[in-house]
Number of protein chains: 4
Amino acid sequence: MASVNKVILIGHLGKDPEVRHLEGGNSVANFTMATNEYYKDKQGNRVERTEWHTVAAWRGLAELAEKYLRKGQQVYVEGRIRTRQYQDKDNQTRYVTEIIAEEISLLSNRPATDSAQPVVAAETPTTFRQEPELDQLPF
Amino acid sequence: MASVNKVILIGHLGKDPEVRHLEGGNSVANFTMATNEYYKDKQGNRVERTEWHTVAAWRGLAELAEKYLRKGQQVYVEGRIRTRQYQDKDNQTRYVTEIIAEEISLLSNRPATDSAQPVVAAETPTTFRQEPELDQLPF
Amino acid sequence: MASVNKVILIGHLGKDPEVRHLEGGNSVANFTMATNEYYKDKQGNRVERTEWHTVAAWRGLAELAEKYLRKGQQVYVEGRIRTRQYQDKDNQTRYVTEIIAEEISLLSNRPATDSAQPVVAAETPTTFRQEPELDQLPF
Amino acid sequence: MASVNKVILIGHLGKDPEVRHLEGGNSVANFTMATNEYYKDKQGNRVERTEWHTVAAWRGLAELAEKYLRKGQQVYVEGRIRTRQYQDKDNQTRYVTEIIAEEISLLSNRPATDSAQPVVAAETPTTFRQEPELDQLPF
DNA sequence: TTTT
DNA sequence: TTTT
C-alpha cells in the first residue's frame, strides 16, 4: 500500500541558490534554509537552536529558484526527504540527507542586505511547483 | 506574497464515490471521509466524536476515485479547503465547505462488507495525484 | 485505527480576533484568514480567487491570539477541521465549518495600517501552541 | 519571526523500536520506517525506490513506542527534522539526520510475522502525542 | 549561512 | 475582510 514522505519548512535562506547543470540536460539548485527552535535550559534561560536544511530543486524548479530566491528570503518549501550515500575520499560510505523540493513559495520579498536589487517585482508569481515527472504519474 | 491552503486527512470512506459528468466535459467525484477524535468528558468517560468531511476529486482524479475507491477503505487525502456558496430553495445564501483533493493514496485494501470483489489488485497503483491544471502553473 | 485531520494555512488576517468568554470559564477567539489561488481563465487572463477561512482558537490560544494577532498580519496556522451544526432563525439545520487552531506562528510583524502601535516587540514569542487538552491525552 | 520544521511520514516499521535509558532519566526509542517511491526508468519499466527514515521518540513517546510499535506495522509519524553531528572513530565529523517524533498513530494492527502475539487490543489508544516539553512552551 |  |  501507499506511503507518504512529506516535509514542510518555513525559514530563511542561508545563501543564494547554487545551480549545477548536469550531463544529460538536468539541472539542480541547492540552497540551505534555517529553522529555529527555542527552549529553556535548566537555569531557565532562553536558548535558541538553529537547524540547517539542505534543499535541492530539480529541473524547472531549479531555474525558478535561481531566478527568484536569494539569501535571507523567507520561504515555504514543501518536499520529501531523500538520503543519498556516497563514497568519501577515504572510500568510506557516507550519507547525506536532503529535502527534494516539490513546491516553493515566497513569504517575504526582502533580499539579503548584500543583494543589490529588489528580487521580485510586484506582479511576479510567488508559488512554484515542480512539474510532474514520470515518477509522479500513476502507472 | 504567497499563501498556503493545505489539508491532510486519513480516514475511512463513508460511501462509494459518486461521479457526475458536467457539461463542458469536466467530471467530479464526491465522497465522504470520517475522522475521529477522542476526549474524556467531565465524568472521565471516553467519548468519541466523528467528523465527516466532504471530498471532491476533479477530472483525472475523479476517474481514479471512481475506479479504485470504495466505502470503508482507509485513504490518505491531501488537498485544499474550498467553501462555495449557493442559493437554497428559499433563495437564501448557504455555504458548503469541501476538500478539493490533490492527492489520494490507498492505505488499506479492505472494501466495505457490502462491496463484492476485492478492490485493488496487488499490482495496482496506490497513489494518485491530480494532473496540474492551468491554475497550478506558474505564470 | 487512528485517523488524521490536519490543516495548514498561511495567509493574512482579515480582521482583529474577536474573543468571547463563555459560561464555564472557557474563552474562544475567532478570526478570518485569506488564502489566494490564481488561475488563468479561458481567455488566458490571470484571475485571483480568495478563500476565507474561519479560525477558532480556544482557551490559552484565545488569549495569545487576542494579545498578538491583528488584522493584516501574515500567520501560519495549524489545526483541524470542525463542522458544527446549528438551527437558524427559521429552525432549519445549518452547518458552519471552522479551523480549530492548534498552533499559530507569526510570519510578519506588520499590523494593518489602521492599527496604531507595533504589535510585537522584538523579544516576543512568535509561536504559540494549544496546551494539551484532556482530549489530546492518550488514554 | 517564527519558522516551521514539520515532517509527515506514513510507512511501515523496519524493526521493533530499540529503547535506551539515558543517564539523567531520559529515554529514547529509535526505529526505522520505510517509504516507497515509484518511477519509470528510461526503458519504461516500473522501478521502486525505498527511502529509510530513522525516527527518534523521546520520553513518554519512547515508552509508548516500546509498548505498541512492532516491526511491520503501518504508522503515521509527525515530527521534525534534526541533524546531529558526531565524531567517528577516526575523529572525523559526521552527520546523521533523524526525525524527532511528536505524534505517532497506528494505521494497521498487523505485527511482523516473527512477532508473536497481536500488538494492540481493540480498545487500545492508537494516537500518541509527545507531552509538551519546556522547549514547546511559549515564553 | 538565515531571521527577530 | 487580508496580502502583493
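Labels below follow one simple rule: chain letters A, B, ... track the order of the sequence lines, proteins then strands, and each chain is numbered from 1.
The CG atom of C:Asn30 sits 17 Å away from the C1' atom of F:dT2 (whole-angstrom rounding). As rounded to whole Å, 20 Å separates atom P of F:dT2 from atom CD1 of C:Ile99. Following rounding to the nearest Å, A:Lys71 (NZ) and E:dT3 (C1') show an atom-to-atom distance of 12 Å. C:Gln74 places its CD atom 8 Å from the C1' atom of F:dT3, with the value rounded to the nearest Å. As rounded to whole Å, 15 Å separates atom C1' of E:dT2 from atom CG of A:Leu106. Look at CG on D:Asn5: it is 14 Å from C1' on E:dT2, rounded to the nearest Å. Counting to the nearest Å, the P atom of E:dT1 and the CG atom of A:Asn36 are 15 Å from each other. One can place OH of C:Tyr76 at 20 Å from C1' of F:dT2, the figure rounded to the nearest angstrom.
Among the nucleotides F:dT1, E:dT2, F:dT2, the one closest to the side chain of C:Lys15 is F:dT1. Each of E:dT2, F:dT1, F:dT2 was ranked by its minimum atom distance to the side chain of C:Thr32; first place goes to F:dT1.
Between the side chain of C:Thr126 and the base of E:dT4, no donor-acceptor pair under 3.5 Å is found.
For C:Phe128 and C:Tyr68, the distance between ring centers is under 6.0 angstrom. B:Tyr76 and D:Tyr76 have their aromatic ring centers separated by at least 6.0 angstrom.
The side chain to side chain donor-acceptor pair (under 3.5 Å) check on A:Thr32 picks up nothing, with sequence neighbours excluded. For A:Thr97, the side-chain contact (heavy atoms from CB on, under 4.5 Å) partners at least two apart in sequence or on another chain are A:Ile81, A:Thr83, D:Thr97.
Residue ring and nucleobase are stacked for C:Trp52 and F:dT1, with a centre distance beneath 5.5 angstrom and an angle between planes beneath 30°.
As judged by a 4.0 angstrom heavy-atom cut-off over every strand, A:Thr50 is placed among the base-contacting residues.
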